[in-house]
Asks: 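Take a look at the following structure, please.
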Amino acid sequence: MFFVTALDNNIYFLLLSIVDMSSPLMYGTPSSRVEGTPRSGVGGTPARQRPDLGSIRKAPQVDLHSDADGAVASEQALGQKLVIWGTDVNVGTCKEKFQRFLQRFIDPTSNEDENAGLDLNEPLYMQKLEEISVVGEPVLNVNCSHVQSFDADLYRQLISYPQEVIPTFDMAVNELFFERFPDSILEHQIQVRPYNALKTRNMRSLNPEDIDQMITISGMVIRTSQLIPEMQEAFFQCQVCAFSTCVEVDRGRIAEPAVCRNCNTTHSLALIHNRSAFSDKQMIKVQESPDDMPAGQTPHTTIVYAHNDLVDKVQPGDRINITGIYRAVPMRENPRQSNVKSVYKTHIDVIHFRKTDEKRLHGLDEDSDQKLFTEERVQILKELASKPDVYDRLSSALAPSIYEHEDIKKGILLQLFGGTRKDFSQTGRGNFRAEVNILLCGDPGTSKSQLLQYVFNLVPRGQYTSGKGSSAVGLTAYVMKDPETKQLVLQTGALVLSDNGICCIDEFDKMSDSTRSVLHEVMEQQTLSIAKAGIICQLNARTSVLAAANPVESQWNPKKTTIENIQLPHTLLSRFDLIFLMLDPQDEAYDRRLAHHLVALYYQSEEQIEEEFLDMAVLKDYIAYARTYINPRLNEEASQALIEAYVDMRKIGSGRGMVSAYPRQLESLIRLAEAHAKVRFSDKVETIDVEEAKRLHREALKQSATDPRTGFVDISIITTGMSATARKRKEEVAQALKKMIQSKGKTPAMKYQQLFDDLRGQSEAAITKDMFEEALRALADEDYLTVTGKTVRLL
Amino acid sequence: MRMWFVCRFCCPAAQSNSNPEWEAKVLEYFKGQLREKESHSWVPSLNDVPLHYLKPNSLVKFRCLVQDMFDPEFYMGVYETVDPSTKANVLRCGKYKDVTECGVDLNSRNTVTAERQTFYCVPIPGESPWAKEISFLSAARVVPSTSYVPSRQKRSYEEDDDDMDTQPQKQREPHTGGMGETPQIQPHGNGDSKRQETEAPSSQTTAPSDCSSHLDLNFPLPGERGPACLVKVYEGLDSFKLNDTLEIYGILSVNPVLTVLGEEKDPSLLLLNPTESMETPEEQRAHDPPASLVPRLHMLYARPLQHNNPLLPSAPTEDQSAFVSSFLVEMASVRAELLAYLTHVLLGDGLAAEYLLLHLISNVYTRRDVLPLGKFTLNLSGCPLNSYTERLYQIVQQLVPCSYRLSMSLHTMNSMRLVPKKDYVANRLVSGALQLARNTSLFLDETQLEQGQLDSSGVRNITALGNLISWQKVDYDFSYHQMEFPCNINVLVTSEGRSLLPSDCQVPLQPQVTPPNMEEYLTTIHMAQFTSQINKFRVYLSLARTLDYSISDEVTKAVEDDFVDMRKDDPQSVTAEDLHRMLVVARLLSLSLGQTTLSRDGWMRAKHIDMLRRSRTEQQKSLNGNEP
């Protein structure tokens with residue numbers, strides 16, 4: 001009747017295979033098994049105990065048994081009036097209702113990934129039962145919101161009396177299942193696992209009224225215990241006559257039989273461990289997620305018990321939604337003490353786990369079910385969106401303490417909204433980047449860090465790192481050995497953590513080259529590849545990068561190009577959609593406004609400020625709403641406008657033999673236009689969006705890609721690291737050098753310094769060592785010569 | 001006196017009454033009583049009176065900082081007991097109590113489950129000895145007038161006195177002087193028997209304080225002493241925040257049962273009762289420490305403290321406004337005296353003294369999105385080496401109610417925990433040195449820093465200090481994520497050259513005198529001040545910080561014009577940053593003179609001293625530039 005399995009760490013667990021256990025009222029009460037429960041076709045499939053519903057049996061339930069026994073025979077006649085003691089649940093009606101729910105419930109609008117592949121116009125749960133018969137996993141997950149929309153009263157009963165109602169559901173499902181698939185073989189009977197109970201969302205709002213009710217909370221796993229074998233049934237054997245008896249564990253206690261019923265010897269019974277029944281159990285500590293917490297308080301934790309197959313389903317660090325029954329157990333009463341602590345221990349018995357972050361690894365969009373907006377809130381947001389100046393309003397609401405820099409704020413605003421996510425994987429290009437990346441460079445002390453801090457505080461998935469303090473590992477992911485379990489765990493870094501958010505990187509220029517190199521993949525492909533310690537994977541890092549860099553020479557040198565000023569590789573720079581310079585404009589009117597702004601900052605009261613600007617909370621919700629619900633697409637006119645804009649950009653340069661735009665710039669324009677449409681809550685990208693995108697893009701270019709030597713905007717400064725004129729110069733020097741070497745006749749080897757001096761003497765323009773080396777490199781590339789140490793050889 | 005009676009009476013009376021109205025009434029009553037003048041000083045304070053002199057289940061107060069907030073717990077608000085002999089059922093009240101009466105009927109339908117939360121509170125970290133002492137003495141003045149076992153009270157002073165032996169001699173002097181003033185009510189007649197009586201408890205107190213070392217009481221600063229307390233909070237849970245400083249009035253509970261329950265470990269029982277075995281020993285130690293060491297306090301009423309300066313009326317009542325207006329008259333003269341004193345201390349450097357004074361009254365008065373306004377971190381560079389900074393700290397400590405000196409040596413930076421960290425095994429927030437109460441003076445001594453390698457924790461600590469200075473926030477480490485806690489800490493950095501940490505303003509010290517014996521020089525300056533004088537300074541510094549401040553439209557205009565003009569002359573040298581700083585300086589300067597609005601004069605003065613300071617730093621720079 002029992003199987004005993006010994007695990008290596010001396011933990012025994014027993015699979016109960018009690019044949020006769022289908023009555024809902026008998027769940028977990030093997031000692032009170034009753035014959036003659038209604039069952040058809042359940043046949044030889046064993047039922048399994050549900051410790052998650054609790055083995056705590058209240059004494060009054062004895063009354064219930066007599067009721068139930070009587071009811072079995074004449075259920076039709078009497079059943080309608082009988083309810084389970086202490087509740088208003090009638091087993092018969094409850095079962096019927098649930099069967100009706102299973103057979104009829106249709107949810108055509110379902111978008112849960114669990115329902116993928118199911119026909120949404122057919123009864124949902126019947127399809128799931130079919131799935132069970134095929135797959136053989138005897139668990140039926142039921143969404144409580146479905147139950148609620150189908151039968152509100154049934155839902156109420158489920159929430160209020162889960163301990164009684166869920167077994168009834170189990171019974172109903174099994175009857176239905178074995179009627180339909182009489183030949184199915186399952187490991188044990190189907191267990192119903194409801195989830196998404198709407199009653200409670202937040203750990204903080206749990207209160208004494210929730211005790212013994214079904215709740216759903218979200219949180220993060222911080223600790224899991226080892227597997228604990230919990231005794232369900234104790235097996236006693238008489239030392240005298242070998243008579244055996246089973247005693248059920250009640251509230252963690254075993255009532256040891258004092259007298260052997262067979263031979264009447266007192267105190268002769270001994271507990272036989274390996275014939276007792278155990279179930280698996282695991283303690284999990286869950287901490288409330290940081291988003292749910294009021295400021296200035298510490299997060300709460302709750303103890304959760306997982307049973308049987310839910311053991312080891314979650315790992316520390318996982319974010320999960322837990323559906324379970326909230327329990328409060330009085331502290332153990334000590335027989336040796338007369339008074340006890342008046343505190344209860346609380347925990348949750350889990351019925352259902354749902355990881356909320358596992359999707360991040362699978363690349364599905366998770367925003368959809370994250371944030372729920374109330375009707376009124378949506379109304380406020382829509383009202384705001386309908387205002388003609390919403391774009392300006394929002395941009396001025398952004399970091400009000402930072403003065404002016406309107407275009408930069410607009411750029412960051414568009415970054416916050418982001419473009420529309422497009423999928424081209426069918427045509428082989430994969431995902432198209434929708435995130436806007438922005439680089440701010442400029443003099444120290446122009447509140448760049450403050451902007452970054454503000455953005456980091458504004459977005460829910462923001463990460464803030466400083467280039468100085470972060471390593472490649474800290475940005476990407478690393479593999480760590482868990483000290484407790486000795487298991488290798490993938491710890492994600494800032495970039496992965498800010499998936500779907502913004503990663504703010506301060507002091508971008510101070511970052512080491514190796515660290516910066518990981519950004520290449522992230523900023524264009526939006527993924528992160530990891531091959532470490534035997535773990536090879538590709539993580540999504542669909543993060544927008546907002547970086548700030550200081551010029552190399554502490555002060556911005558207007559005579560130099562952007563690249564020369566910040567000394568960043570152009571390959572990386574070209575991945576930024578917008579590059580802004582934050583410089584001091586040095587103009588009187590500006591100074592006056594700045595002074596006014598700052599003084600006002602220092603003496604205006606809090607209320608005055610709030611009247612002037614949009615609330616940060618509204619801005620947050622506005623962005624979240626737009627990101628979730630608005631997916632603008634280009635209309636015909638807008639596409640035409642974009643094409644024109646691109647052609648125009650190309651034209652500007654072509655007159656001077658320079659390329660002033662690359663497809664990457666076109667992509668940037670599209671993203672910016674889409675983001676601008678999102679700001680307006682518009683489903684169409686229209687010409688005005690393109691106009692603004694063009695304007696902003698031009699502004700940023702004007703600042704960052706103007707060739708200081710010629711005064712023209714030259715995109716190649718960003719894309720290739722040097723302006724077209726500079727490239728031309730380089731070419732000239734190389735040619736001059738080649739000519740000079742050729743004029744020297746057949747000398748296979750030359751001294752490096754000698755050559756340099758000669759070239760300097762020959763050329764009319766000043767030639768620096770850098771230029772000379774570049775020229776040498778260019779000739780080496782042509783396979784004309786090689787440089788080894790201090791000698792130059794011709795080939 | 002009346003208070004004691006009420007308190008001891010109310011609890012048993014309430015037990016037989018399940019009517020929830022009484023709860024509101026009890027609170028109302030206590031609040032009313034405590035509002036009465038002086039009444040709060042009748043209540044003995046856990047800060048001053050050793051625990052074993054306090055009666056269990058009596059009303060006490062505790063001046064503390066909320067160090068950690070534990071999970072909410074459910075308790076039996078109302079429960080039923082069955083008398084084993086008479087079989088009579090009695091309803092009892094579980095509120096404000098840790099332990100139930102005997103014979104609880106767990107299945108009773110009358111049981112009402114209620115919710116409460118536990119806060120782990122520690123005495124305000126870094127509280128200056130003078131603040132402790134004065135509040136202790138003021139309490140002592142009152143207590144003997146009640147009949148509350150004065151002889152025991154009396155003894156406790158001496159014992160506390162012993163505790164203070166660790167402090168430098170000079171601080172002890174005024175203390176003993178204060179002792180003489182307190183009325184000696186108890187004649188020392190039958191001293192012997194009393195001595196015997198008191199000897200035992202005092203030896204007891206040393207024992208727990210020893211064992212407190214292995215039972216970590218989680219004080220934010222090393223070397224702190226005093227009782228930590230588990231405060232059970234019943235009302236207004238959301239109004240309390242971590243790191244709040246509170247004065248809590250509540251019922252003391254030191255039931256030894258609490259300890260016994262915690263220590264008892266019967267392995268066979270544990271096996272069968274998984275709920276209890278789930279708690280790790282660490283967690284049990286953190287959450288259920290012996291009550292003799294960490295008493296429980298059931299909160300009736302808590303008063304948020306704006307400051308912990310015992311010389312000032314603590315509650316914002318009419319009392320206080322009267323006090324403020326009377327002091328405002330004196331303000332300017334006290335300022336002059338204080339400035340002279342600080343000038344002496346800073347070796348005759350008047351400008352540095354001026355800045356130090358402004359720094360000492362600075363305060364983050366509001367935040368604009370992420371930007372804290374009003375902070376004024378001062379970097380005093382060019383400090384003489386050899387214990388000068390240490391003496392300087394001692395003088396600062398004498399002036400402010402809360403302070404801490406962090407000697408930034410390589411070893412401390414690498415090994416010390418500055419940022420609080422959540423320990424998930426013990427399920428508590430392990431404190432760090434940056435978990436400080438508002439307006440604490442943090443004295444960073446960079447002169448102690450030598451060349452060498454900072455390890456990763458050292459880098460983290462430096463980053464944390466930088467964040468603290470720039471944003472006035474500390475990111476607590478919750479292992480899986482970080483959580484930002486705003487703070488309001490006055491940071492003073494002393495260094496040889498320019499500090500490696502950011503600061504709002506750097507003042508190079510230019511000593512005018514070079515005393516041959518620094519130690520002696522500073523001690524003489526300090527001794528020359530009367531206690532009453534020092535007390536005036538203390539009041540002045542705390543008070544100036546609390547004043548309101550505004551700028552009129554007219555002055556705003558003038559400031560704007562001024563800024564534009566300055567930029568015209570030299571746009572490179574005057575930036576928005578400078579305007580930020582000058583506005584803060586102007587604000588502090590006005591407040592230091594007791595002026596609550598900015599005048600044109602005030603602005604010009606602020607500009608002037610900032611200019612002086614800047615020319616000094618320029619000078620320093622060019623000096624250093626020429627040196628190599």
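In the text below, chain A, chain B and the rest are named by the order of the sequence lines, each starting its count at 1. Hydrogens, waters and symmetry mates play no part in the numbers below; they use all other heavy atoms, side chains included.
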Asks: Heavy-atom distances under 4.5 Å only: say whether B/Asn427 touches chain A with side chain, backbone, both or neither.
Replies: side chain
Asks: May I ask you to name which of B/Lys241, B/Gln117, B/Arg587, B/Glu73 has the most heavy-atom pairs under 4.5 Å with chain A?
Replies: B/Lys241
Asks: Examine whether an atom of B/Arg116 lies under 4.5 Å from a heavy atom of chain A, and if so say whether it belongs to the side chain, the backbone or both; otherwise answer neither.
Replies: side chain
Asks: Of the non-hydrogen atoms in A/Gln297 and B/Phe485, which two are nearest, and what is the gap between them?
Replies: O-CZ, 3.7 Å
Asks: I need the B/Phe478 CZ to A/Gln287 CD distance, nearest 0.5 Å.
Replies: 6.5 Å
Asks: How close do A/His300 and B/Asp71 get, counting heavy atoms only, and between which atoms?
Replies: CA-OD1, 3.3 Å
Asks: Among the options B/Trp471, B/Tyr79, B/Phe240, pick out the one with the most heavy-atom pairs lying under 4.5 Å from chain A.
Replies: B/Trp471
Asks: Taking the side chain as every heavy atom from C-beta outward, state whether B/Tyr476 and A/Thr298 have any pair of such atoms under 4.5 Å apart.
Replies: no
Asks: Against chain A, label B/Lys95 side chain, backbone, both or neither, depending on which of its atoms sit under 4.5 Å from a heavy atom there.
Replies: neither
Asks: Heavy-atom distances under 4.5 Å only: say whether B/Phe563 touches chain A with side chain, backbone, both or neither.
Replies: side chain
Asks: How about A/Gln453 and B/Ser470: do any of their side-chain heavy atoms sit closer than 4.5 Å?
Replies: no
Asks: Please round to the nearest 0.5 Å and tell me the distance separating atom CZ of A/Arg327 and atom CZ of B/Phe74.
Replies: 14.0 Å
Asks: Does any heavy atom of chain A fall under 4.5 Å from the side chain of B/Leu237, the backbone, both, or neither of them?
Replies: backbone
Asks: Quick one: OG1 on A/Thr346 to CD on B/Glu115, what's the gap to the nearest 0.5 Å?
Replies: 9.0 Å
Asks: Let me know if A/Val221 has heavy atoms under 4.5 Å from chain B in its side chain, its backbone, both or neither.
Replies: backbone
Asks: Answer with side chain, backbone, both or neither: which region of B/Met69 has an atom nearer than 4.5 Å to a non-hydrogen atom of chain A?
Replies: both
Asks: Can you tell me which portion of B/Thr463 sits under 4.5 Å from chain A's heavy atoms? Options are side chain, backbone, both or neither.
Replies: neither
Asks: Quick one: of B/Lys557, B/Glu484, B/Arg460, who has the most non-hydrogen atom pairs under 4.5 Å with chain A?
Replies: B/Glu484
